[in-house]
Undergrad: 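Please read through the structure below; I'll follow up with questions.
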Amino acid sequence: MARLANAVRPRLTRAVTAVRPSLARLPKAVRTGPAHLPRLPRTRTVRAWRYTAGAATAGLALAAGAVTVAGPWDATGQRTAERDRAAAAERSGGADHGRAGTAAGALRPAPSAGPVLAGLGGTSGAVGTTRTAPDARAVAEALDPLLDAPALGGGHAAAVVDVTTGERLYDADAGRALTPASTTKIATAVAALSALGPDHRLTTRTALEPDTGELVLVGGGDPTLTAHARDGGWASLRALAADTAKALAERGIRKVTLSYDTTLFTGPALHPIGVNDNLAPVSALTADEGRTDDSTSGPVTRVGDPAADAAAKFALFLKDAGITATHPGPSKASTRAQTLAGVSSPPLSALVERMLTNSDNDIAEALARHTALAGGRPASFAGGAGAIATQLRKLGLPMAGAVFRDGSGLDRADRLTPGLLTGLLVRAADPDRPGLRPVLTGLPVAGFTGTLSNRYADGASGVVRAKTGTLTGVNTLAGTVVTPAGRLLAFAFLASGTTDPTEAQSALDKAATALAG
């Protein structure tokens, strides 16, 4: 759009400039006429002819401007904008929020879709606020038999709310608190965005102690810091090493004692579930979430000490840049330490989207701790859980029965109600709270992205956006749908005591599909 505007502006200016003298001369020519002819009276015919000629000339100018706006055109007759668009379509990255970033020269993330993607046979218009909301009785007739499926076990609860009005269209024990699993991340996202704002960034830095010459790698709690050669736009540990080496060389320093500082976070690093492929030990300093392969999402074996692993990689990058470092150990940067370099994460909005799309537990626990820090609490599991609850109370959400033990939903002691989950989604859609919009844009799209990419193949692909939740015996789903009439609805389905996770998941998908219809 920017390139097209820049291309159009000078051409349109030249077109108007070229026509202006003709327009200026025309009234004068009509008024005076050629020198050898007698002066004619101002008749209606002459006046009408003058206006017609003027309109024709102006029309030519407008046509020239329209052609210019439709362009720019290249020598072969193809619009340059079309050619650029075709070239851009061949690039990769960004669409699933898995590699969105802001570094210079990096591929920019694909624009987030609106509340939903239009499904086949669905409404062709935009989501509106003037269309009639679905009838509550019709919603109940569609959902009751599906949510009573044996696969959902004996304990389930659900709610559906019209996002425009806040009216609850369906209530099946909507105030019943059940284990939410990963739908907890919706609450974590709302709390973090409310406490920190969507533009907040997390910075990892290096600091040089003036007396000892010790170089300290200071963790800023960025769970998306990467050591990969291709950083995808996320904060790069390699770039930090290069900038640090340059700053040291300028000071004539070629050898340092390296240490690392993780004191931003406190409390136990290991989640109560213990060692688990779904979450690394939580640390203020970690690279690639402590993953032992090149993956960026999903379960995988993690390193035992993410901070020591990141510092060891940093030492190797320093060596490549001409700086020799000792084997790193833990320390704490003093207040007198001079910052040499730093790298910052993309905005918090991008981290929230990645967390929700991929159900990223590492990001969730880090954001819970940053929410705690923003509220003056310890950056621990307990501090983060308490800070999330506090932020949600400030938003006036229904907190009865809600219990938070972590930010990811991996703790089976977490409890949320369908009423709270739908309330969170309605708040995220509030026109007066644009900073919460990443909660909606980060939701996986049925059949397309994240944890819903392989679901809804025979259902509401593209018209359901929802956060999934799965633990042993627990299946949950919360998100948004658009009805055929174009009405945006928020829903939350929670089931505990399920015995067949595949069948339970299918039952929830069928309920969301029915709601979309």
Undergrad: Given the rule in the side-chain contact (heavy atoms from CB on, under 4.5 Å) test, do D430 and V426 qualify, once you have shown the distances and angles that lead to the verdict?
TA: CA-CA 6 Å; D430 187 346; V426 170; over 6 Å; no
Undergrad: In Å and rounded to the nearest 0.5 Å, what is the CZ to CG distance from R336 to L208?
TA: 11.0 Å
Undergrad: Given side-chain contact (heavy atoms from CB on, under 4.5 Å), test T451 with T470 step by step and report yes or no.
TA: CA-CA 11 Å; T451 54; T470 307; over 6 Å; no
Undergrad: For the side chain of T183 and the backbone of P180, is there at least one donor-acceptor N/O pair under 3.5 Å apart?
TA: yes
Undergrad: Answer yes when D414 and R405 have at least one side-chain N-carboxylate O distance shorter than 4.0 Å, and no when they do not.
TA: no
Undergrad: Supply the atom-to-atom distance T206 OG1 to L240 CG, rounded to the nearest 0.5 angstrom.
TA: 5.0 Å
Undergrad: Quick check for you: to the nearest 0.5 Å, what is the distance between D500 atom CG and S506 atom OG?
TA: 9.5 Å
Undergrad: Would you check if the side chain of E214 reaches a backbone N or O of E209 as a donor-acceptor pair within less than 3.5 Å?
TA: no
Undergrad: Ignoring hydrogens and angles, tell me if any N or O in the side chain of R412 forms a donor-acceptor pair with the backbone of T472 under 3.5 Å.
TA: yes
Undergrad: Could you tell me if N276 and N278 have a donor-acceptor pair between their side chains, going purely by distance under 3.5 Å?
TA: yes
Undergrad: Can you check whether I273's main-chain N or O pairs, donor with acceptor, with H271's side chain at less than 3.5 Å?
TA: yes
Undergrad: Is the backbone of G450 close enough, under 3.5 Å, to the side chain of S453 for a donor and an acceptor to pair up by distance?
TA: yes
Undergrad: Between E353 and T441, does any side-chain donor sit less than 3.5 Å from a side-chain acceptor?
TA: yes
Undergrad: Is there side-chain contact between R415 and F404, with heavy atoms separated by less than 4.5 Å?
TA: no
Undergrad: Within the supplied structure, the quantity of interest is the number of heavy atoms (other residues, nucleotides, ligands) at a distance under 6.0 Å from R437 CZ; does it exceed 12?
TA: yes
Undergrad: Under 6.0 Å between the ring centres of F493 and H156?
TA: no
Undergrad: Are the side chain of D173 and the backbone N or O of R176 linked by a donor-acceptor pair below 3.5 Å?
TA: no
Undergrad: Less than 3.5 Å apart, which donor and acceptor atoms pair up between the side chains of residues 298-323 and the rest of the protein, not counting sequence neighbours?
TA:
{"from": "R302", "atom 1": "NE", "to": "D277", "atom 2": "O", "distance (Å)": "3.3"}
{"from": "R302", "atom 1": "NE", "to": "V300", "atom 2": "O", "distance (Å)": "3.1"}
{"from": "R302", "atom 1": "NH1", "to": "E289", "atom 2": "O", "distance (Å)": "3.0"}
{"from": "R302", "atom 1": "NH1", "to": "D362", "atom 2": "OD1", "distance (Å)": "3.0"}
{"from": "R302", "atom 1": "NH1", "to": "D362", "atom 2": "OD2", "distance (Å)": "3.2"}
{"from": "R302", "atom 1": "NH2", "to": "D277", "atom 2": "O", "distance (Å)": "3.3"}
{"from": "R302", "atom 1": "NH2", "to": "D362", "atom 2": "OD1", "distance (Å)": "3.4"}
{"from": "D305", "atom 1": "OD1", "to": "A307", "atom 2": "N", "distance (Å)": "3.3"}
{"from": "D305", "atom 1": "OD1", "to": "A308", "atom 2": "N", "distance (Å)": "3.2"}
{"from": "D309", "atom 1": "OD2", "to": "K313", "atom 2": "NZ", "distance (Å)": "3.3"}

Undergrad: For the residue pair N475 / T498, report whether a side-chain donor-acceptor contact shorter than 3.5 Å exists.
TA: yes
Undergrad: Can you tell me if N454 has over 12 outside heavy atoms packed within less than 6.0 Å of its CG?
TA: no
Undergrad: Roughly how far apart are M355 CE and K185 NZ, rounded to 0.5 Å?
TA: 7.5 Å
